[in-house]
Amino acid sequence: MSDIAPPVVSRNPADPSDILVHLPAPGAPAALNAVERARAAQPRWMLGGAAARSAALGAIAAGIEAAADELTALAVREVGKPVTEARAEVARAAAIWRYHAQAPYEPTGAVHETAAGPGLLLTRRRPHGVAGLITPWNFPFAIPSWKAAPALATGNTVVLKPAPEATACAQRLAEIIQHAVPAGVFTVLPGGAAEGNAVVSTADAVSFTGSTVVGQLVTRTTTARGIPAQAEMGGLNAAIVLPDADIDTAAAQIASAIAGYAGQKCTATSRVIAVGAALGPLREALAERLRTLPVGDPADPATVCGPVISEQARDRVVEARRALPDVAAAPVPSGSDGWYVTPALVTDVPLGHVLRREEVFGPLAVLLTADGLDEAVRITNSVPYGLVTSVHTASLDEALHGLDHLDTGMIRVNAPSTGVDFHLPFGGTKASSRGPREQGHAALDFYTSERTYTLMPARP
């Protein structure tokens, strides 16, 4: 067996003959060197002060905005993201950097009185050092941004190991970031498992988004090392539709959450649970929405569902729905070599089937039924994952019941399961997430550790 790692290759999912990146894997030693360079640069970055860090993050936001058209086209080409979604992602990435540009001015601690006598008690948050970021391909600008921006704002330096399929996007983002920060403060390390393992094994804090299997490995490694870590992993998200819901609106939102970006979001809807009398109207409305959903070239502004990321991903989705009846299936483009699959809602799925147990990561969902809300909640909670649930109802009482009993980290009422508010905590329960939450003020807490200082007078 060869010890040489396979090269880093990134192809256009809509035209696999279009190769964006083909370069030798740097290897684990390169990862170790990147972390050490980042560690050497960290003290000066931290001590440069709040104004310098704030200005740098603001400059990054401006740089992303200035390059918005280029970045949008790159996301369309490299990861097959429909252009409308790609444009929105780039805008969100800029907003994330601008939001965190104020973070260096946030309080880093508090002052307390002693229990008795003179002196002061202080708390203060300090950066960990080097933040190792392992990111997926499906949000090539937003996810690296929502990890890197708070890490840099709080005085850490960053080594980013992106998914190979999003290497070109990561490299272009790095150019914008590196133009605003000193050398060594932000490094992109292309590669695969060897490079990722090396970063996880040497960084001072690790933030991971990706598959459940790899996330569990990251968690074990970081736990053994005793360093802070967060791992955002899979989802098997449900949409619960009650009879009093606005069925047409719910169907439109759920169809988009099933097939938008070919279902390649951890927040995509994988299970649709129709409660009682909602079944018939919902099945008809959702079938119509999926049948007419625009599938095709991601560069076309009308496209909602483009290709999946790879040939292996396409085969996995095709195999998962084999021999299952469906109530809707949208046509895929003819005459294309791209990795397209048919968006579908399938029925009569046995309990042990993969679609009821695991995230397939494609434009595919199962239709399930429940007699009442309590049963729908039990079905929702019956899987190992707990990222997000959408609840569609006109009843505030039913909505609050769902909020109280659903075992998921995020609950969206009368809204699709997809969608992220970057200023609020993001994360799930059970096998969906490990460690502290991402985004908002929660991210500032993750990238720092709290110290308690006791200051007493030198003389009694």
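- Within a 6.0 Å radius of CD in Glu450, other residues, nucleotides and ligands contribute more than 12 heavy atoms.
- In this view, Glu438 and Trp146, Lys147, Ser207, Thr209, Gln230, Glu232, Phe426 satisfy the side-chain contact (heavy atoms from CB on, under 4.5 Å) rule, not counting sequence neighbours.
- With sequence neighbours left out, Asp244 forms a side-chain hydrogen bond (donor to acceptor under 3.5 Å, both in side chains) with Thr393.
- In summary, Arg316 and Glu319 do not engage in a salt bridge, as defined by a charged side-chain N under 4.0 Å from a carboxylate O.
- In this structure, CD1 in Ile177 is found 10.5 Å from OG1 in Thr187, a value given to the nearest 0.5 Å.
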**Asked** Given the rule in the salt bridge (charged side-chain N to carboxylate O under 4.0 Å, His left out) test, do Arg172 and Glu70 qualify, once you have shown the distances and angles that lead to the verdict?
**Response** CA-CA 10 Å; Arg172 184 65 187 94; Glu70 175 198 352; 2.6 Å; yes

**Stepwise side-chain contact (heavy atoms from CB on, under 4.5 Å) check, Met46 with Thr154** = CA-CA 8 Å; Met46 177 185 67; Thr154 51; over 6 Å; no

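- Annotation: side chain of Thr303 is not in contact with side chain of Val83 (no heavy-atom distance under 4.5 Å).
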**Message:** As a quick check of understanding, evaluate salt bridge (charged side-chain N to carboxylate O under 4.0 Å, His left out) for Arg437 and Asp445, giving each step before the final call.
**Reply:** CA-CA 9 Å; Arg437 292 292 191 245; Asp445 291 341; over 6 Å; no

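- In this structure Trp137 satisfies the ring pair (Phe, Tyr, Trp, His ring centres under 6.0 Å) test together with Phe361, sequence neighbours excluded.
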**Message:** Under the criterion salt bridge (charged side-chain N to carboxylate O under 4.0 Å, His left out), I'd like the reasoning laid out for Arg92 against Glu89: C-alpha separation, chi angles, the key distance, then a yes or no.
**Reply:** CA-CA 5 Å; Arg92 178 160 42 132; Glu89 181 186 345; 6.0 Å; no

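- Each of Val304, Val341, Leu293 was scored for a side chain to side chain contact (heavy atoms under 4.5 Å, CB included) with Pro363, with one residue passing: Val341.
- Side-chain contact between Ser390 and Ile411 is absent, with no heavy atoms from C-beta onward closer than 4.5 Å.
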**Prompt:** Going through the distances and angles, do Glu85 and Lys265 end up as a salt bridge (charged side-chain N to carboxylate O under 4.0 Å, His left out)?
**Reply:** CA-CA 12 Å; Glu85 282 207 43; Lys265 305 174 185 178; 3.0 Å; yes

